Novice: 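Sharing a structure here in structure tokens format.
Whatever order the structure lists ligands and atoms in, that order sets their numbers, starting from 1. All residue numbers in this chain count up from 1 along the given sequence. Keep in mind that what you see is a predicted model, and the values were worked out from it rather than measured.
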Amino acid sequence: MKKRVLVIGAGGQIGSELVPFLRDRYGKDNVIATGRRTKLPNVVLEGGPCIYLDALNEESIKRVIYENEIEHVYHMASVLSVTGEKMPQVAWDININGLMNVLEVSRRYNVERVIWPSSIAAFGPTTPRENTPNETILQPTTMYGITKVAGELLAEYYYKKYGLLTLSMRLPGIISSETLPGGGTTDYAVEIFYEAIKNKKYECFLGEDTILPMMYQPDCLQCHVDMAEKDEKLFKRRVYNVTGMSFTAGELTAEIQKHIPDFKITYKPDFRQEIADSWPKSIDDSIARKEWGWDPKYDLKEMVKNMLDVLTPRLKK
Ligand code: SER
């Protein structure tokens, strides 16, 4: 399958790895990467077409989609949970008005699919926290979560009203080795690796027993491509729970210590603890597995081994 693809927000934790992944599949000239706030990483800049795009500017999205005959849009530009609490109005603007522009232009120019990640942040303190089902209470208490619920509804609306094929996965915390996440509550699970390798110590901003759902980047990238490429008839709904694993900060530490025995951790929970405590501990993704064959490969042990294998030579240089 060859597709003309647009990745909005190619400088972020997921976008910066999604772009090379898609370029390998569809050819480098078929994947247009866009950024806005910071310089795109070299792996994105040097691998194919890159342009400036502000998702808040509808005209510029129109031009890019029209001139490049885009068939799939991956809308990755988003303000995460912690930044969203610091700047709730900005989070609403980027996460919702940006999404609205993307949906509107996509339906006008007959884009085939729009892939837009939702998040476990769509759930809240009133949601069952263990094995959280696909269809359940959505009453988040963060602005980030509010934009995810509103975005899910908006994407569903565009599907029903205009037939625009939108698909979303509720992503848990993503663990990756290329671009650091920024402004999220699950960021600790990436930072910990850098500090363990470089300094053998880390001060965690969540408590030892805090358990959250997580996923390793290779599974996350595969999830995006599955949603873009699998037969649309398999998708009976617009939004799917997906997960790779769940662990506490303490369990992650213990797994890292198997490889770096003198790694020391201290726990100093801050305001982010309250956000983590409002999210699920584990996710039921059986509907995604059943309907379209979601099948993540990495558990805690494999993920930790892989992260250390990739990061250790790089950080020890
Ligand atoms: N990683 C996100 C955050 O922590 C959750 O979707 O904000």
Novice: Just wondering, more than 12 heavy atoms not from Arg237 lying within 6.0 Å of its CZ?
Specialist: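 Above 12, so yes.
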
Novice: As a test of reading the model: which N/O atoms of the protein lie under 3.5 Å from N/O atoms of ligand 1, and at what distance?
Specialist:
unit_1	atom_1	unit_2	atom_2	d
ligand 1	1 (N)	Thr186	OG1	2.9
ligand 1	4 (O)	Thr185	N	2.6
ligand 1	4 (O)	Thr186	N	3.1
ligand 1	4 (O)	Thr186	OG1	3.3
ligand 1	6 (O)	Ser119	OG	2.7
ligand 1	6 (O)	Tyr144	OH	3.1
ligand 1	7 (O)	Ser81	N	3.1
ligand 1	7 (O)	Ser81	OG	2.6

Novice: So, Thr185 and Ser81: side-chain donor and acceptor under 3.5 Å apart, yes or no?
Specialist: yes

Novice: Go through the structure and list residues passing side-chain contact (heavy atoms from CB on, under 4.5 Å) with Asn30, not counting sequence neighbours.
Specialist: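 By the side-chain contact (heavy atoms from CB on, under 4.5 Å) rule, Asn30 matches Lys2, Arg4, Tyr26.
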
Novice: Remaining members of Val310's ILVMFWY cluster at a side-chain heavy-atom cut-off under 4.5 Å?
Specialist: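 Result for Val310 is none, singleton.
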
Novice: In the hydrophobic clustering that connects Ile, Leu, Val, Met, Phe, Trp and Tyr at side-chain heavy-atom distances below 4.5 Å, which members other than Val90 occupy its cluster, ordered by chain and number?
Specialist: Leu56, Val79, Met87, Ile94

Novice: May I ask you to decide if Asp295's main-chain N or O and Lys297's side chain share a donor-acceptor pair within less than 3.5 Å?
Specialist: yes

